[in-house]
Engineer: 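One structure, as structure tokens, below. Some questions next.
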There are 2 protein chains.
Amino acid sequence: MKIRRVPDVVIRRLPLYLRVLDEIDTDLSPIISSQELGERSGVTSGQIRKDLSFFGVFGKQGVGYSTVTLRAELRRILSLHQEIYVGLVGVGNLGQAFIRYGVSQSKKALPNEGLRMVAAFDRDERKIGQQVAGVPIYSVQHLPGIIEKLRISIIILTVPATAAQAMFDRCVESGVKAFLNFAPVKLAIPEGIRVHHADVTLELESLAYYS
Amino acid sequence: MKIRRVPDVVIRRLPLYLRVLDEIDTDLSPIISSQELGERSGVTSGQIRKDLSFFGVFGKQGVGYSTVTLRAELRRILSLHQEIYVGLVGVGNLGQAFIRYGVSQSKKALPNEGLRMVAAFDRDERKIGQQVAGVPIYSVQHLPGIIEKLRISIIILTVPATAAQAMFDRCVESGVKAFLNFAPVKLAIPEGIRVHHADVTLELESLAYYS
DNA sequence: TAGATTGTTAATCGATTAACAATC
DNA sequence: TAGATTGTTAATCGATTAACAATC
């Protein structure tokens, strides 16, 4: 029941707060102030209170926030209270690394906040049918069916630049609305679809300015 | 000779423009308008003109920009007209993937804009002395010396979260001013040091909101 | 010259910060 | 109650967009 659209900058800070809360022993610290949460996440206390106010009232004046409650609320806001199924397209070096990375993360005490990598896709016949860290590799031809069947709602794109738009389009047609794109291309993105870019080359090139 | 500090959002758009110019055949298109550059990089024409105005005057009124000249100017602004040496700390799955990725990129016709991965560092004795895609792996103990000797000015951090701050500090002491950090931690960053974060977990968690 | 497009200024928009009344 | 801290409003800051004079 959002009253007005929440700015993306706000959404992007929520996982930061959640991470701090996950690191906290809730028995030792049942309550946290916006002040302390701010210091530990690198955000001002006022900003945290402003951010949270987009979603409701979670604190007690004069007291602070219940660590357990705030954590649960943040999870709910981000939809991380339920399992979110993640797929990956393009099982090259980078793709394999992320599969292993994602799986190793979820073996931690804290189960990586409900995100679960359940399928990978590739074009290469030799890879299809194999597994990487327990995640099965399917043919991109079967992508629509598998996405639907496994209820995949986020796709990590680690295909070569030349294949990115086509694979992206196919995922969109299959109903995926959220993407993390590592391919160094500007995708044509339809209304209502969310793409976060993680373009290592662009990052390095802008860093060169500061080096 | 910067008159005023250039906003980071502006710096981050420059590689985007550069990429478009790299894709253009400068013989076929010796001139480009801010209009067309905008369409191809996903930015408004006014914004492009505004961005460029931070650095000087590069176009001709009534005509447009010389593709060759603008490309050269952007490279110079970003320091990509010279070789920029990049190092990587943490040769795990992700680290190896980036080494291979970086190397394959620089084999393209366009030599990845002057960025060159020249060294990797790890703690694991078994990895030290080996190579990944031709890039030698050194001990983190020798990091300061190698960074100085090879003139490394950008570091990619792909170490586990627990090691990130210590490795970061060591690089800073060795004179590195620009970092691309993949470790899921909030680093304590000294004045004058630039860190771009590429935190896949945070990206996925915020994407969950839109899924 | 007439038409086109830049460089730049002014207006708008949106996000952050400051401040404080409400209230636990 | 007195002290603390939230939730929220108003002020500030900075970035984007609109618009147009300058000029090629």
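Each chain gets a letter, A, B and so on, in the order its sequence line appears, and its residues count up from 1.
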Engineer: Check side chain to side chain contact (heavy atoms under 4.5 Å, CB included) between A:Glu39 and all other residues, then give those that pass, not counting sequence neighbours.
Structural biologist: A:Gln35

Engineer: Over how many whole Å does the gap from B:Phe54 atom CZ to C:dG7 atom P extend?
Structural biologist: 14 Å

Engineer: With sequence neighbours excluded, what pairs up with B:Gln141 under the side chain to side chain donor-acceptor pair (under 3.5 Å) test?
Structural biologist: none

Engineer: More than 12 foreign heavy atoms under 6.0 Å from CD of A:Glu83: is that the case here?
Structural biologist: yes

Engineer: Can you work out whether A:Gly62 or A:Val9 has the more 5'-proximal nearest nucleotide on DNA chain C?
Structural biologist: A:Val9

Engineer: Rounded to whole Å, please give me the gap between CG in B:Leu52 and P in C:dT5.
Structural biologist: 16 Å

Engineer: Is the shortest side-chain N/O distance from A:Tyr65 to OP1 or OP2 of D:dG7 below 4.0 Å?
Structural biologist: yes

Engineer: Please report the closest heavy-atom contact between B:Ile147 and B:Phe121, naming both atoms and the distance.
Structural biologist: CG1-CZ, 4.3 Å

Engineer: Look at the side chain of B:Gln61 against the base of C:dT6 and say whether a donor-acceptor pair falls under 3.5 Å; ignore hydrogens and angles.
Structural biologist: yes

Engineer: Do the side-chain N and O atoms of B:Arg12 and A:Ser206 include a donor-acceptor pair separated by under 3.5 angstrom?
Structural biologist: no

Engineer: Can you check the A:Phe58 CZ to C:dC24 C1' distance for me, whole Å?
Structural biologist: 18 Å

Engineer: Taking only Lys NZ, Arg NE, NH1 and NH2, and the carboxylate oxygens of Asp or Glu, determine whether A:Arg170 and A:Glu173 approach each other closer than 4.0 Å.
Structural biologist: no

Engineer: Looking only at side-chain N and O atoms, does A:Asp122 offer a donor or acceptor that is under 3.5 Å from a partner on A:Tyr138?
Structural biologist: no

Engineer: Among residues 31-45 of chain B, which contact DNA chain C at a heavy-atom distance under 4.0 Å?
Structural biologist: B:Ser33, B:Ser34

Engineer: Is the shortest distance from a Lys or Arg side-chain nitrogen in A:Asp199 or A:Lys186 to a carboxylate oxygen in the other one below 4.0 Å?
Structural biologist: no

Engineer: If the condition is side chain to side chain contact (heavy atoms under 4.5 Å, CB included), which residues does B:Ala188 pass it with, not counting sequence neighbours?
Structural biologist: B:Gln165

Engineer: For Watson-Crick and G-U wobble pairs within 3.5 Å on both distances, what is DNA chain C written in dot-bracket notation, | included for inter-strand pairing?
Structural biologist: ..||||||||||||||||||||||

Engineer: Can you see if the side chain of A:Arg13 gets near the phosphate of C:dT16 - specifically, an N or O under 4.0 Å from OP1 or OP2?
Structural biologist: yes

Engineer: Strictly below 4.0 Å, N to O, side chains only: are A:Arg40 and A:Glu36 in salt-bridge contact?
Structural biologist: yes

Engineer: Could you encode protein contacts along nucleotides 8-14 of chain D as a string, one character per nucleotide from 5' to 3', using B for base contact, S for sugar-phosphate-only contact and - for no contact, with a heavy-atom cut-off of under 4.0 Å?
Structural biologist: BB-----

Engineer: Over how many whole Å does the gap from B:Gln47 atom CD to C:dT5 atom P extend?
Structural biologist: 20 Å

Engineer: Is the number of heavy atoms from other residues, nucleotides or ligands within 6.0 Å of NZ (A:Lys177) greater than 12?
Structural biologist: no

Engineer: What is the distance, to the nearest angstrom, from the CD1 atom on A:Ile48 to the C1' atom on D:dT5?
Structural biologist: 13 Å

